[in-house]
Amino acid sequence: MSFYNYWGKAGHSSENGDASYHLLVYHCLDVAAVGSLLLDPEKKLCQSLARQLELEPDWLQQWFTFCLMLHDVGKFARCFQNKVTGLSSELVPEVTGKKDIRHDSLGFTLWTNELCKLISDIIPSQKTQRSVHPWLEIVCGHHGKPPQPLRTVKTALVPEEDIPAAESFLREIAKHWLPDLTPLSSINKEGFKKSSWQLAGVAVLADWLGSDQSIFHYNSDIQPLPEYWKQTALPKAKEVLSKREFQPKAITPFRSIQDQFDFIRQPTPLQQFAQSVEIRQNPQLFILEDVTGAGKTEAAMVLVHRLLSQGLAEGLYVGLPTMATANGMYDRLKNSYRSLFQGSPKPSLVLAHGASQLSEDFQESIQLEDQQSDQTYAAGDQTASAYCNQWLADSRKKALLADVGVGTIDQVLLAVLPARHQSLRMLGLKGKVLLLDEVHAYDSYMRELLAALLQAHASQGGSVILLSATLPHQFRKALLDAYLKGRGLELESLPATKAYPLVSQACDQGFAEKQLSTRDSVKRQVKVKRLGDPAEAIELIIRSIEQGCCICWIRNTIGDARSAWQQLDDDPRIDSAKLTLFHSRFSMIDRQTIEGDVLKRFGKESGPEQRMGQVLIATQVVEQSLDLDFDSMISDLAPIDLLIQRAGRLQRHNRDVAGKRLENDQPDQRLTPCFYLLSPDPLQVHSDQWLKSVLPRIQGVYSHVGQLWLTARLLLEKQGFAMPEDARDLIEGVYGVKAQTDIPEQLQKASDDALAKDNARKNMGEFNCLKLESGYNWKSGGPANGWDEDTHIPTRLNEVETETIVIAVPDDNGHLHPLANTGNPKHFWRLSLLQLPVHEWEKASLLIPDDWSVEIERIKQQYPYLKYFQILPLVAETKHLYQSQGGWDLDRKPCGRRERSLPHY
């Protein structure tokens, strides 16, 4: 059979019953043409990969282009052709009884088991043939994960017809595009393993862009392949790359911090360091530790700008621990990121989670709104355009290919996990500065993933900037070790230091530390007083209101936050309009609204009229990145580094006694800030129930009782702390090895259990990570079937399994609509998402009347991405479960003081 008798892309039937299709050989050339342009020898990507492989860029481009022509060789199989039949009498006929095998795995095995033997006249050496195998493994993994090795493929095809067709295609492209294979024998093997991950990303991206039907129109007319290549494939590839704006942007030369941030009059010491430190001409790691308010973000962006200016990077990804912190960072960068670039096209900025709504001023890097879906193949084997549409509709993944991406740390951690499309994330990170804020906030599992990420990014020539208020010595050393290992270097030792603020810098030339001073306006002395039970906290809030102050109580669990909020809401002395609850169990749309409202009431620009008598009950969502400023603060006992973060929101900006903002050089006129700590007495430990006597739920969040006791003892013994002077003593006094010997005997077992659990998390992180040193192949995913969808691979280990639900509201005609109904309509369903513990969803789902099942299924059919989520209609039986002011509460009664006002449809 001729290789022109096989379809590669099939459309849906037209009105007259005909279905259009795209010849397989043309699609193979389309994808190869896109890949050829992505690996333009004049571009940094190709040059960087060629250096790592010890190859010439021109040869790398030619060779990988040839390999990409074989990416869909598995479609020369009757089991695949059977998926869509009746397209044309010119195509191979259907043959029943063929085993259905994924075409990516089938293609790789077809090459290794059959084709390479048939072309011994073209590739005569078995050694050379074996050296080709891993390259074919890369391109056949174009659906986001490596092909799975198979024993045989003959049960999936008609050997006497399909194999000769594939062979004839291979011979034809070899005649026109196969380069001299001599350089294959000189490839740096370790360099290949490192480069394979980015090359796999190129294969995925080329396949997706080469599947864009709005440009690569279906074509079933037979013409010679060189003619098609020249007249169609290459011109269309140039068009699709221009349309998607895959061009590096021109960088604005760095001059000063004021050019980037016009509100800065006098740089802080940290910012001055950032604009004056020597930037070596190779990848490097910076760790910036400084107090809240020292301008760490702006200092980091100065370093980013300088790295870009010196040609060490072409873009930026900023990773944050939570969606709330990502939102805050996005708001801080959206007005300044363009100063990094000059000329046109405009640089892209993407917020990497489902709540993102881009400004109309921004051009998204990639959008395929006019892309049509091919016919689907079968369960578990989607078309490239289907994957492409889903991926590009998801800003979380798209952000890594934008010029500037801002999002949660999870999106980059997936690059080192056996998750589908991780190679595309790895490719997106290549050539970018990786800026991570609040790095102290990760548990041992995420720290293990972070170490793997730093090593991987360093190995592909990336620079990293890490920000934190303070880091324990052991964690700082682990971060430095991971990055330097990726550069093939080693840090022999890291002596303990009390220096703070501190900048650590590591590069190929060595390691250096520098202690900095702190400007007077952000130095702070904080009193600490203990509250013995929640009732004392309630009375303190009442007194603060009477004095016209604004106050925040940070609680460690959503249940405790809801309980305190409800108690205050029921108190006649409290004006409900001045009481706000903020936690993570709100829908995206309500969370956005609350976050904006919180910033207006307690943010940097808030004035006396917004602040007076305001009360915020919140969980950990306010302790990071949000620029909030409270007159007074209460906090449940938590680990010391988190309490330092929380205290950083206490009298953060200089104000007069009425709450009006003062200039930085004017001293704060309020009373010395007092941080109230809700905690049992650390001097009264009589049993292992010491902590639960005041905070019964806390160990579900912070299990290391001994470290909590060390925190309480340290703060209450000192009756406060001063920053930056006490920073190191506070951190090492809780996390240092020596401090652990002071933990009371009654708390030792619980502490040991927590430590064992912590070690188990660390081991799980190491177990789950990709074996990057093995290169891109099936075994690098770890245990059998280690590769999975990114939604199934954990970037965090939750104590409670969660479910994503979508909140919907009915109209008068019985149709469901998304809860969100303001802003951009295309985001309404995503803005109606909510994460819940599985056990809570299971209870709530029993309340949904059965007669809504048909409408729920209709919604999922209309919006295919909703099939991964559960849908909760807020009808008479369920509407008490969710309210805009209180969020989700399974225990809420069907009526109450605050009934939510649902959208009207």
Side-chain angles (χ1 to χ4, degrees), residues 9 22 26-49 57-58 60-62 64-65 68-69 71 142 198-199 201-219 227-252 308 314-316 337-338 340-350 358 360-372 374 384-385 387-389 391-393 395 397-405 424 427-428 430-432:
K9 296 285 177 183
H22 195 47
Y26 293 164
H27 171 66
C28 289
L29 266 60
D30 294 340
V31 171
V34 175
S36 178
L37 296 182
L38 289 173
L39 286 183
D40 183 339
E42 299 299 317
K43 292 183 178 179
K44 288 185 177 180
L45 174 62
C46 185
Q47 293 170 358
S48 172
L49 291 171
D58 288 324
L60 174 61
Q61 180 198 37
Q62 295 168 27
F64 200 66
T65 298
L68 281 171
M69 290 180 179
H71 80 284
H142 59 277
Q198 290 83 49
L199 289 168
V202 172
V204 173
L205 188 58
D207 185 46
W208 286 357
L209 295 177
S211 301
D212 183 355
Q213 296 169 32
S214 68
I215 293 177
F216 294 96
H217 304 299
Y218 284 177
N219 189 338
E227 186 178 304
Y228 180 85
W229 174 263
K230 184 177 181 180
Q231 296 179 1
T232 304
L234 277 178
K236 294 296 185 181
K238 292 176 182 176
E239 184 180 346
V240 78
L241 288 181
S242 175
K243 177 182 177 183
R244 307 305 173 213
E245 296 183 9
F246 280 97
Q247 305 121 351
K249 309 302 187 294
I251 305 299
T252 304
L308 294 174
E314 296 177 319
L316 166 69
Y337 85 103
R338 287 187 183 174
L340 301 172
F341 305 91
Q342 61 183 350
S344 61
K346 295 176 181 178
S348 53
L349 172 67
V350 176
L358 303 183
E360 293 180 1
D361 294 336
F362 298 142
Q363 295 184 8
E364 297 190 45
S365 284
I366 313 156
Q367 47 187 343
L368 293 183
E369 294 176 354
D370 48 2
Q371 165 81 305
Q372 301 296 313
D374 303 312
S385 63
Y387 273 127
C388 191
N389 291 345
W391 186 83
L392 295 172
S395 64
K397 300 175 183 177
K398 186 165 51 179
L400 295 178
L401 288 178
D403 298 305
V404 178
L424 204 59
L427 176 66
K430 188 172 179 62
K432 285 190 173 63

Chemist: Who passes ring pair (Phe, Tyr, Trp, His ring centres under 6.0 Å) against Y26, sequence neighbours left out?
Modeler: Y228
Chemist: Measuring from Y218:OH to K9:NZ, what's the distance to the nearest 0.5 Å?
Modeler: 7.0 Å
Chemist: Of all the heavy-atom pairs spanning K43 and L38, show the shortest one and how long it is.
Modeler: CD-O, 4.0 Å
Chemist: Let me see the working for T252 and R338 under side-chain contact (heavy atoms from CB on, under 4.5 Å), right down to the final yes or no.
Modeler: CA-CA 9 Å; T252 304; R338 287 187 183 174; over 6 Å; no
Chemist: Roughly how far apart are I251 CD1 and D403 CG, rounded to 0.5 Å?
Modeler: 8.0 Å
Chemist: Taking the side chain as every heavy atom from C-beta outward, state whether L39 and T65 have any pair of such atoms under 4.5 Å apart.
Modeler: no
Chemist: If we only count heavy atoms from C-beta on, is the L209 to F216 side-chain gap below 4.5 Å?
Modeler: no
Chemist: Could you tell me which non-hydrogen atom of V31 sits nearest to which non-hydrogen atom of L68, and how far apart they are?
Modeler: O-CD1, 4.2 Å
Chemist: Quick one: closest heavy-atom pair of E314 and F341, and the distance?
Modeler: O-CE2, 3.8 Å
Chemist: Please report the closest heavy-atom contact between C28 and M69, naming both atoms and the distance.
Modeler: CB-O, 3.2 Å
Chemist: Considering non-hydrogen atoms only, spot the tightest contact between H22 and N219 and give its length.
Modeler: ND1-N, 2.9 Å
Chemist: Roughly how far apart are S36 OG and L234 CG, rounded to 0.5 Å?
Modeler: 6.5 Å
Chemist: Would you say Q342's side chain and A250's backbone share a donor-acceptor pair under 3.5 angstrom?
Modeler: no
Chemist: Side chains of L45 and L49: closer than 4.5 Å at any heavy-atom pair?
Modeler: yes
Chemist: Taking side chain to side chain contact (heavy atoms under 4.5 Å, CB included) as the definition, give me every residue that meets it alongside L37, ordered by chain and number, with sequence neighbours left out.
Modeler: A237, K238, L241
Chemist: State, with a plain yes or no, whether a side-chain heavy atom of L316 is found less than 4.5 Å away from one of K432.
Modeler: no
Chemist: About how many Å separate CD of Q198 and SG of C46, when rounded to the nearest 0.5 Å?
Modeler: 13.0 Å
Chemist: Test of understanding: with side chain to side chain contact (heavy atoms under 4.5 Å, CB included), list the residues that count as partners of E42, not counting sequence neighbours.
Modeler: D40
Chemist: Mind checking what makes side chain to side chain donor-acceptor pair (under 3.5 Å) contact with S48, not counting sequence neighbours?
Modeler: K430
Chemist: Do you know which of Q62, Q47, Q61 makes side-chain contact (heavy atoms from CB on, under 4.5 Å) with P41?
Modeler: Q61
Chemist: For P235 versus W229, what's the shortest heavy-atom pair and its separation?
Modeler: CD-O, 4.1 Å
